[in-house]
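Please read the structure below before turning to the comments.
Quick caveat, the model's predicted, so the values are computed rather than measured. All chains are named by letter (A, B, ...) in the order of the sequence lines, taking the proteins before the strands, and each is independently numbered beginning at 1.
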Amino acid sequence: MQKKSRNGYVIPAGAVCFSESDTAVNPPIIMESTYAPSVIEKQAQHDWEEQQTFKAVEDPQREKFYCLAMFPYPSGKLHMGHVRNYTIGDVIARHQRMLGKNVLQPMGWDAFGLPAENAAIKNNRPPAEWTYANIDEMRSQLKLLGFGYDWDRELATCDPDYYKWEQWLFTRLMEKGLAYKKRATVNWDPVDQTVLANEQVIDGKGWRSGARVEKRDIEQWFVRITDYAQELHDSIEQLDGWPEAVRTMQRNWIGRSEGVEMEFGLEGSDETLSIYTTRPDTLMGVTYVAVAAEHPLAQQAAANNPELAAFIEECKQGGVSEAEVETMEKKGMALGLNALHPVSGDAIPLYTANFVLMSYGSGAVMAVPAHDQRDWEFAKKYGIAIKQVIFADDGSDCGVEDGAYVEQGVLKNSGEFDGLTSAEAFDAIALWMQQHDKGGIKTNFRLRDWGVSRQRYWGCPIPVINRANGESSAADEFPVRLPEDVHVDGSGSPLKRMPQFYDLGNGDRRETDTFDTFFESSWYFARYCSFDNDSAMLDERANYWLPVDQYVGGIEHAVLHLLYARFFNKLMRDEGLLKHDEPFKRLLTQGMVVAETYYRSNADGSREWFNPADVESDGDGFTLKSDGLPVSAGGVEKMSKSKNNGVDPQQLIDRYGADTVRLYTMFTAPPDQSLEWSDEGVEGAYRFLRRLWMLAANNAGLIRTAAASQDETSRDIRRDLHGVLKKALFDYERQQFNTVVSACMTLVNSLYKSDDASLLREGVGIVLQLLAPIAPHISHHLWRELGYGDDILTAGWPQVDEEALVQQQIEYVTQVNGKVRAKVQVPADADQAVIETLVLQNENVKRFIGDAQIRKIIVVPGKLVNIV
RNA sequence: GCCCGGGUGGCGGAAUUGGUAGACGCAGCGGACUUAAAAUCCGCCGGCCAUCGCGGCCGUGCCGGUUCAAGUCCGGCCCCGGGCACCA
C-alpha cells in the first residue's frame with residue numbers, strides 16, 4: 001500500500017518506500033525520492049563505457065543496422081541543431097538495438113572548411129589549432145548527452161590518414177579519365193585580389209572589401225559526374241526509404257530532358273552553332289538566337305564594336321550564383337551578325353544576353369518569343385519579331401499579345417510541319433534534322449560536372465603536380481600533406497607563398513588548390529567501417545555494414561551532399577571497393593531549430609540583435625531586461641550567431657540533465673518539421689521525467705514484488721495501456737517520436753491512478769522500454785532499480801497483448817447527413833442490421849432525422865455510422 | 001527567377017492516412033495543500049449562441065470543386081521556410 005492523502009492522491013513517501021503487508025518477508029526498498037539527473041546520468045554513462053555497450057563488432061550471424069547522423073562541422077560548441085540531429089540518430093540506433101540488431105553508430109568531424117580560415121584571420125592562430133580545439137570541446141559535449149557511439153571509429157577529415165585515401169582515389173579517377181581540367185568561372189574580388197565563395201558575395205559585392213564582384217575564368221579540376229547522370233537519375237527509383245520531396249529535388253537537379261540538338265548556320269561562315277531545345281515543335285517560331293557574353297561569337301563581334309565590348313564587360317559584373325544570375329534584369333545586345341535557320345534558311349539576328357550561361361550546354365539558345373515567357377519579354381524590350389507557330393487545338397484563346405503561349409498545341413505557319421501536334425512535330429523535326437545531317441534527338445541533363453578545385457588553404461591538397469612543360473600528373477605518394485603551421489591573413493591561400501610545399505624543382509610545382517569540402521563528406525560513411533585500415537581505403541567490413549540503413553541530417557543537404565555521396569559510392573563501387581549501388585537505404589531529413597529574434601535598429605540602418613533569454617514581454621511589446629527599453633520582434637528564424645537567438649545546450653544539460661534536453665527535442669515537434677524553441681517547454685519535459693521518477697519511487701516496493709492479480713478496473717486500464725502501446729510502436733516505426741513521448745505521458749498519467757501491483761509492474765516496464773531510446777539514462781537506472789533486469793538495452797522490445805484490446809462494447813460515432821449527432825454503444829459482435837437498429841433508436845438521432853426519408857446508411861465497421 | 005516543402009486554439013503540436021478536429025504538452029484561469037511562497041495534486045480551457053449541466057451554429061491561410069463524409073483529394077491564389085552547384 002502506498003501512502004495516500006485524504007483526497008486519495010499519492011503523496012511522496014520520502015526516501016523509504018515499502019509495502020506494509022510484505023515487510024515481514026522483504027526488507028524496505030531504499031530508493032532516492034528525488035530525481036537527480038546529474039548523478040544517474042554520470043552513472044549510466046559510466047556503465048555503458050565499462051561494458052563497451054556501443055562498441056560495434058562485425059558478426060555475419062546477426063542482422064546489422066548501420067545508423068548514421070551527418071557528422072558536424074566543428075564550428076565551436078554544440079548548438080541545438082546538433083543536439084536535435086544526434087538525438088534523432090541515437091533514438092533510432094537504440095530502438096534498433098533493443099529490437100536485437102547488431103548496431104553501428106559512429107561519429108566524426110567534417111573538419112575542413114572556410115570558417116576555420118576566418119577564425120584564423122580573426123584570432124591570428126592556425127586553422128588546425130582552432131579546429132582541433134573545437135573538436136575536443138564538441139566531443140565532450142556529445143558525451144554528456146549520452147549518445148551511443150562507437151568512439152573507437154571516430155575520424156576527422158583533416159587527418160592525413162583520412163584524406164590520403166581520397167587523394168589516392170582522385171588519382172585513380174585521373175587515370176580513368178573521370179577527372180579533368182578546364183577553365184571555369186569564379187567570383188573575383190578585384191580589391192582583395194581573391195576568389196570569393198558565393199556566401200561571401202553580398203548583393204554582388206565582396207563581403208570584406210565591398211567591391212563590385214567580377215566573374216573570372218580560371219583553370220580548375222572537374223570530376224565527370226555527368227557520366228553517371230543517367231544512373232544517378234534512374235536509381236532514385238530504388239530509394240523508397242527516402243522522403244518523396246528529396247527524391248523529387250534530386251530528380252529535378254539532375255534534370256533529365258529529351259530534346260533535339262540542331263545546327264544553326266552562320267551567315268558568311270562555314271561554321272555552325274549547336275543549339276539544344278526541348279521544344280523543337282516551336283522551331284519555325286525562332287526569331288533570334290542568344291549567346292553568352294563569353295561566347296567566341298560575341299567576343300569576335302565586340303572586337304570592332306566598342307558599345308558591344310562595353311556591354312560584354314558589364315555582363316562580367318556580379319557573382320556567379322544561379323540565384324543572382326536569374327534574378328537580375330535581363331539584358332542583351334545585337335551582335336550585328338545573323339544565324340541561319342536550319343530549316344528555312346532565313347537569317348536570324350544574333351544577340352548576346354546576360355542570362356545565357358557559357359558553362360551550360362553550348363552557351364547558345366534559340367529564342368521563341370511567342371512560346372517562351374522570358375524570350376517574349378526580351379523581344380518586347382528590344383523590338384524583336386514575335387511569330388506564333390503553336391495554336392490551341394480546341395480553338396480556345398491562345399493569343400500572344402499579352403504574353404507567351406507556352407502550352408502544347410497544333411502547328412501553323414510552320415511550312416511542311418503545319419497541322420502536326422506538338423508531340424508529332426517533336427518527332428518530325430528530329431527526323432528532319434537527322435535526315436539532313438543537322439542534328440537529332442538528344443537526352444540532356446541539367447547536371448553539370450563537379451568542379452572540385454578551391455583556391456583555399458584549409459582543405460585537402462589536390463594530389464597533382466603541374467609540370468614545367470604545362471602538363472599535369474598525379475602525385476604518387478600519399479598523403480600529400482597539408483602544412484598545418486601557417487599564418488592566414490585573408491590575402492589568398494598561404495600555400496601559394498610556401499615554396500617548401502609547392503616547389504618540387506625543375507620548374508615542377510605542386511598544385512596549391514584544395515578539394516571542395518564536399519569531397520571529404522562524400523565517403524566518410526564508408527570509412528567508418530574500415531576506420532583502422534592503414535593499407536587500403538576500404539575493406540570487406542564495408543560490405544558487412546553498408547549500405548547505411550538509416551541516415552539522418554538536415555533538409556538543407558537534400559541535393560548537393562546527398563547527390564555527391566551517391567556519386568562517390570558509385571565511384572568506389574566501380575573501383576571494386578564496395579558492392580552496393582546506393583549508400584543510404586533510409587533517409588530522415590530533420591527540420592531546423594528556430595527561435596524568436598529581437599533587435600534594435602542602429603542609426604546606420606544596421607541591427608543589433610538580442611538573445612531571447614535577455615528579453616521579456618510587457619504585455620503589448622518587448623523590452624530588454626537589462627535596461628527596460630523596448631526592442632522589436634524580428635520574427636522566428638533559424639538559430640544562429642548572427643541573429644543572436646541561439647540557446648546553449650550546455651546550460652540546459654547543466655540545469656536539467658541530458659534526458660530532459662533529449663526528451664524535449666523529441667517531444668516538441670516531429671523530426672522532419674522545424675522546432676520552435678520554448679524554455680517553458682523544457683520545463684515541462686523535466687516535470688514529466690520527475691513525475692515518472694516519483695511514480696517509480698512511490699511504487700518501488702509494489703513493482704519489485706508484484707504478483708499476477710488484477711481486478712476489473714485494472715482490466716480497463718490495461719486495455720488502454722496496450723492501446724497506447726500499439727500506437728507508440730506504430731509511431732516508432734514511422735519515426736514520429738513526438739507522439740511516442742505523448743504516449744508515455746498518457747501511460748504515466750493513467751498509472752498514477754492505479755495501485756494494482758501487477759499492472760504497475762507491466763505498465764512502468766513498458767514506459768521505461770518505450771522511453772529507453774529517448775531518455776536512456778533514467779530508463780537505464782529505473783530498470784535496474786525496480787528489479788526488471790540488468791540492462792534495459794538487452795531486455796527486448798515491448799509487445800502488444802491483443803487479448804487485452806478486446807472490447808465487449810464498441811462506441812459508434814453516429815452522423816446524420818455527415819454531422820456527428822450521437823455516440824452509440826453497440827455489442828462488438830453486432831452485424832450491420834443490429835448496428836443500424838441500435839443507432840436509429842438514439843433520441844438525438846431520431847430528432848435530426850425527423851420525418852425525412854432515409855436514403856442510405858453507411859457503416860464503417862468498428863467506428864462510424866452515417867445516416868443520409 | 002527556378003525547384004521542393006509548410007500554413008490547424010493564446011503557443012508547440014495530434015488526428016493510425018477520406019470517417020468524432022484540437023490527443024499530449026506549454027501558457028492561462030479556478031481549487032486543494034501551506035503561516036506564506038515554491039513544488040505537488042485536482043478541475044476548466046477554439047469562437048459564438050443557448051441552457052438545469054440537454055444542446056445548437058461556426059471553425060484547420062484564402063476562393064472554388066469532388067464526396068454520404070474533406071485538415072486530409074482536385075483546380076486557382078496568398079503568405080512563410082529550405083535549396084540553387086565556392087557556407088556546411
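- Within the 4.0 angstrom heavy-atom criterion, no nucleotide atom of any strand lies near Phe355(A).
- Taking atom C1' in both G5(B) and G65(B), one finds a spacing of 24 Å when rounded to whole Å.
- Between Tyr732(A) and Phe737(A), the distance separating the two ring centers is shorter than 6.0 angstrom.
- In this entry the base of U51(B) is anti relative to its sugar, with a glycosidic angle more than 90° from 0.
- Annotation: G25(B) and C49(B) have their P atoms spaced 30 Å apart (nearest Å).
- Among the protein residues, Leu114(A) comes within range of the sugar-phosphate backbone only, with heavy atoms under 4.0 Å from sugar or phosphate atoms but none that close to a base.
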Item to complete: Could you give me the CA-CA distance, side-chain angles and deciding distance for Phe515(A) and Tyr163(A), then say whether ring-ring contact (aromatic ring centres under 6.0 Å, His included) is met?
Response: CA-CA 10 Å; Phe515(A) 282 131; Tyr163(A) 65 67; 9.5 Å; no
Item checked: salt bridge (Lys or Arg N to Asp or Glu O under 4.0 Å) evaluation trace for Arg247(A) with Glu244(A) -> CA-CA 5 Å; Arg247(A) 299 166 79 189; Glu244(A) 202 45 55; 3.1 Å; yes
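- Of all non-hydrogen atoms in Tyr812(A) and Val859(A), the two that sit nearest each other are CE2-CG1, 4.3 Å.
- For G5(B), neither phosphate oxygen OP1 nor OP2 lies less than 4.0 angstrom from any side-chain nitrogen or oxygen of Arg247(A).
- Note on Met328(A): nothing from the nucleic acid sits closer than 4.0 angstrom, heavy atoms only.
- No engagement by Ser75(A) is indicated, since no non-hydrogen atom pair under 4.0 Å with the nucleic acid exists.
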Whether each nucleotide of nucleotides 66-75 of chain B has a protein heavy atom under 4.0 Å at its base (B), only at its sugar-phosphate (S) or at neither (-) is summarised, 5' to 3', as --BS------
Each nucleotide of nucleotides 53-58 of chain B classed B (base within 4.0 Å of a protein heavy atom), S (only sugar-phosphate) or -, in 5' to 3' order, makes --SSSS
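- For the pair Thr517(A) and A88(B), the criterion of a side-chain N or O lying under 4.0 Å from OP1 or OP2 is met.
- The phosphate of C2(B) has neither OP1 nor OP2 within less than 4.0 Å of any side-chain N or O from Arg374(A).
- Side-chain atoms of Asn134(A) come within 3.5 Å of backbone N or O of Pro74(A) as a donor-acceptor pair.
- A donor-acceptor pair shorter than 3.5 Å cannot be found between the side chains of Asp192(A) and Ser209(A).
- Of the candidates Tyr686(A), Tyr656(A), Trp677(A), Trp677(A) is the only one forming a ring pair (Phe, Tyr, Trp, His ring centres under 6.0 Å) with Tyr664(A).
- Base pairing in RNA chain B yields stems of at least 3 consecutive Watson-Crick or G-U pairs, both distances under 3.5 Å, namely B:1-7 with B:78-84, B:10-12 with B:24-26, B:28-32 with B:40-44, B:46-49 with B:55-58, B:61-65 with B:73-77.
- Nucleic acid contact class of Pro243(A) (heavy atoms, under 4.0 Å, all strands): none.
- Counting non-hydrogen atoms under 4.0 angstrom, Ala323(A) reaches a base of the nucleic acid.
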Checklist line | side chain to side chain contact (heavy atoms under 4.5 Å, CB included) evaluation trace for Val223(A) with Phe567(A) | finding: CA-CA 10 Å; Val223(A) 178; Phe567(A) 171 48; 3.6 Å; yes
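- The residue His557(A) sits close to a base: some heavy atom pair falls under 4.0 Å.
- Here A14(B) is the nucleotide among C24(B), A14(B), A27(B) with the atom lying nearest to any side-chain atom of Pro670(A).
- When the C1' atom is compared between A21(B) and G28(B), the two are found 22 Å apart, to the nearest whole Å.
- Test Tyr524(A), Trp523(A), Tyr551(A), Trp109(A) against Phe71(A) for ring pair (Phe, Tyr, Trp, His ring centres under 6.0 Å) and you get one pass: Tyr524(A).
- The gap from the P atom of A69(B) to that of G7(B) amounts to 25 Å, rounded to the nearest Å.
- Taking atom CD of Glu680(A) as the reference point, atom P of C24(B) lies 20 Å away to the nearest angstrom.
- Glycosidic conformation, G9(B): syn, with the torsion inside 90° of 0.
- The NZ atom of Lys727(A) sits 12 Å away from the C1' atom of G13(B) (whole-angstrom rounding).
- Toward the 5′ end of RNA chain B lies the nearest nucleotide of Phe667(A), the other residue of the pair Phe667(A) and Trp253(A) mapping further downstream.
- Relative to the six-membered ring of Phe222(A), Lys182(A) meets both conditions, a distance below 6.0 Å and an angle of at most 45° to the axis.
- Between Asn252(A) and C4(B) there is a side-chain N or O to OP1 or OP2 distance below 4.0 Å.
- Residue contacts for Gln673(A): at a heavy-atom cut-off of 4.0 Å it reaches the sugar-phosphate backbone alone, with no base atom in range.
- A donor-acceptor distance shorter than 3.5 angstrom exists from the side chain of Tyr86(A) to the backbone of Met70(A), with no hydrogens or angles considered.
- C68(B) and U20(B) have their C1' atoms separated by 16 Å, given to the nearest Å.
- Figure legend: cation-pi geometry between Arg821(A) and Phe848(A), with NZ or CZ positioned under 6.0 Å from the six-membered ring centre and within 45° of its axis.
- With hydrogens and angles left out, the side chain of Lys726(A) and the base of U16(B) share no donor-acceptor pair within 3.5 Å.
- Val201(A) comes within contact range of no nucleotide atom at all, as no heavy-atom separation falls under 4.0 Å.
- We find that Lys381(A) and Glu329(A) are joined by a salt bridge, their nearest charged nitrogen and carboxylate oxygen being less than 4.0 Å apart.
- For the ring pair (Phe, Tyr, Trp, His ring centres under 6.0 Å) test with Tyr564(A), the passing option among Trp450(A), Phe525(A), Tyr228(A) is Trp450(A); the others fail.
- In this structure, the side chains of Arg454(A) and Asp513(A) stay at 4.5 Å or more apart for every pair of heavy atoms.
- Taking atom C1' on both U51(B) and C41(B), the two are 32 Å apart, rounded to the nearest angstrom.
- Taking for each of Arg734(A) and Ala197(A) the nucleotide of RNA chain B with the nearest heavy atom, the 5'-most of the two is the partner of Arg734(A).
- Not one side-chain nitrogen or oxygen of Arg690(A) sits closer than 4.0 Å to the OP1 or OP2 atom of A39(B).
- A14(B) and A23(B) have their C1' atoms separated by 5 Å, given to the nearest Å.
- Contact check, Gln250(A) against C3(B): no side-chain N or O comes under 4.0 Å of OP1 or OP2.
- Going from the P atom of G56(B) to that of G19(B) covers 23 Å, rounded to whole Å.
- Residue contacts for Val186(A): at a heavy-atom cut-off of 4.0 Å it reaches a base atom on one of the strands shown.
- At the heavy-atom level, Asn749(A) lies under 4.0 Å from the strands shown only through sugar-phosphate atoms.
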